[in-house]
2 protein chains.
Amino acid sequence: MKRNSRLSLALHTLSHMAGSPGRVRTSSDIAEHAGTNPVVVRRVLGKLREAGLLTSEKGHAGGWRLAREPQNITLADVYLALDERMVATNEASETPACSVEHALQERVSGVLEEIEESLVKRLGETSISEVRGG
Amino acid sequence: MKRNSRLSLALHTLSHMAGSPGRVRTSSDIAEHAGTNPVVVRRVLGKLREAGLLTSEKGHAGGWRLAREPQNITLADVYLALDERMVATNEASETPACSVEHALQERVSGVLEEIEESLVKRLGETSISEVRGG
DNA sequence: AGTAAAGCAACTGGAAAAGTTACGTATGAC
DNA sequence: GTCATACGTAACTTTTCCAGTTGCTTTACT
């Protein structure tokens with residue numbers, strides 16, 4: 001796998017699940033479909049569970065299930081759940097020596113933040129059932 | 001440095017240069033400002049030169065200069081120049097075993113592609129002089 | 001009890017990017 | 001013409017991130 005693999009995995013899985021909501025799927029099944037392994041799947045889906053998009057059950061006949069109607073899960077939900085800001089330069093770390101640089105940093109961050117927001121907004125306009133269905 | 005450092009470096013440098021266009025800056029100066037080293041700077045700025053955003057001159061009194069008016073350089077120009085697609089899952093690699101999966105992959109790619117486009121469009125609405133100036 | 005699932009922590013390995021070094025090439029100053 | 005300076009580039013090293021893996025625990029159904 002490569003970059004953006006988490007988002008890709010999440011979208012594929014959710015879209016797939018949107019096909020038959022209510023059905024339980026195990027990490028192993030999902031992993032096999034996605035060509036990866038169960039632990040990786042649990043790591044990613046765990047994030048989605050924290051965000052309230054999925055539920056999981058332990059034990060025999062346990063597994064993963066959609067927590068909501070597929071129509072009510074947007075790409076923004078998925079994106080935010082994974083907590084990977086693509087655009088924003090998150091770092092507030094190194095204080096720049098130059099004062100011009102400092103002001104500049106603020107501005108750049110501001111713009112990128114704004115762009116991130118518009119990206120999320122755009123993602124919010126599509127649900128996973130739309131991705132699947134057509 | 002971290003992720004998105006290339007974009008960050010590029011934006012900071014261009015914004016800074018937008019302050020006094022026409023002035024020449026050496027890789028060393030820029031590197032020092034950015035807290036990195038000249039070779040890295042040249043690597044990144046080289047991409048911007050290929051895209052026609054900067055010019056460089058060798059030899060004594062050489063260095064980097066904006067190739068256009070700052071107002072005519074948009075964030076999209078910079079982003080595209082660096083050739084780093086943030087959203088799109090570029091891979092057309094592994095042919096999925098499952099046919100449903102194949103169709104799904106197409107759809108997901110399509111959506112991500114579309115989102116990438118809207119991101120670029122949004123980036124195109126801001127010039128580096130706007131980032132700097134206010 | 002036994003089996004099958006998630007949860008979790010720790011380690012491994014590989015790839016991508018930054019950083020570094022070294023050398024070539026071009027250009028202006030003297 | 002030669003010297004200093006700056007980019008251009010290639011090769012190598014180091015760092016960092018993340019998927020992959022392993023092993024163990026917990027939970028729940030049969």
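Lettering follows sequence order; numbering is per chain, from 1. Just so it is clear, the model here is predicted, and its values are computed rather than measured.
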Once you round it to whole Å, what is the distance between P of D/dG20 and CD of A/Glu32? 14 Å

Are OP1 or OP2 of C/dA5 and a side-chain N or O of A/Arg25 less than 4.0 angstrom apart? no

Between C/dA6 and A/Thr26, is there an OP1 or OP2 to side-chain N/O distance shorter than 4.0 Å? no

Would you kindly check whether a donor in the side chain of B/Arg43 faces an acceptor in the base of D/dG8, or vice versa, at under 3.5 angstrom? no

How close do B/Gly62 and B/Val24 get, heavy atom to heavy atom, and via which atoms? O-CG1, 3.3 Å

Measure from the side-chain heavy atoms of B/Val39 and tell me the nearest of D/dA10, D/dC7, C/dA5. D/dA10

Could you state the CG-C1' distance from B/Asp29 to D/dC7, rounded to the nearest angstrom? 13 Å

Any salt bridge (charged side-chain N to carboxylate O under 4.0 Å, His left out) pairs touching residues 34-59 of chain A, not counting sequence neighbours? A/Glu57-A/Arg65

Salt bridge (charged side-chain N to carboxylate O under 4.0 Å, His left out) filter on A/Glu84, not counting sequence neighbours, yields A/Arg6

Can you check whether B/Ser56 has a side-chain N or O nearer than 4.0 Å to OP1 or OP2 of D/dC7? no

Can you list everything that forms a salt bridge (charged side-chain N to carboxylate O under 4.0 Å, His left out) with A/Glu114? Sequence neighbours excluded, please. B/Arg122

Taking all non-hydrogen atoms of both residues into account, name the closest pair between A/Ile73 and A/Leu14 and its distance. CG2-CD1, 4.5 Å

Separation of atom CD in A/Glu84 from atom P in D/dT16, rounded to whole Å: 20 Å

Nearest whole angstrom, please: distance from the C1' of D/dG8 to the NZ of B/Lys47. 15 Å

Under 3.5 Å between N/O atoms: give me all the protein pairs with nucleotides 26-28 of chain C, atom names plus distance.
unit_1 : atom_1 : unit_2  : atom_2 : d
C/dT27 : O2     : B/His60 : N      : 3.1

Using heavy-atom distances to pick each residue's nearest nucleotide on DNA chain D, tell me which of B/Gly62 and A/Asn37 is more 5'. B/Gly62

Just the rounded figure in Å: distance from P of C/dA6 to CG of A/Leu48. 14 Å

If only side-chain N and O atoms of A/Arg42 are considered, is one of them under 4.0 Å from the OP1 or OP2 phosphate oxygen of C/dA6? yes

Send over the distance from B/Leu54 CG to D/dA6 C1', rounded to a whole Å. 15 Å

Could you tell me the separation between the CG atom of B/Leu82 and the P atom of C/dA17, rounded to a whole number of Å? 12 Å

Nucleotide D/dC7, atom P - distance to CZ of B/Arg65 in whole Å: 12 Å

OP1 or OP2 of D/dG20 under 4.0 Å from side-chain N/O of A/Thr36: yes

So which nucleotide from D/dA19, D/dC7, C/dA17 ends up closest to the side chain of B/Ser27? D/dC7

Keeping to residues at least two apart or across chains, list the salt bridge (charged side-chain N to carboxylate O under 4.0 Å, His left out) pairs with something in residues 24-40 of chain B. none

For B/Arg23, which residues count as a salt bridge (charged side-chain N to carboxylate O under 4.0 Å, His left out) partner, sequence neighbours excluded? none

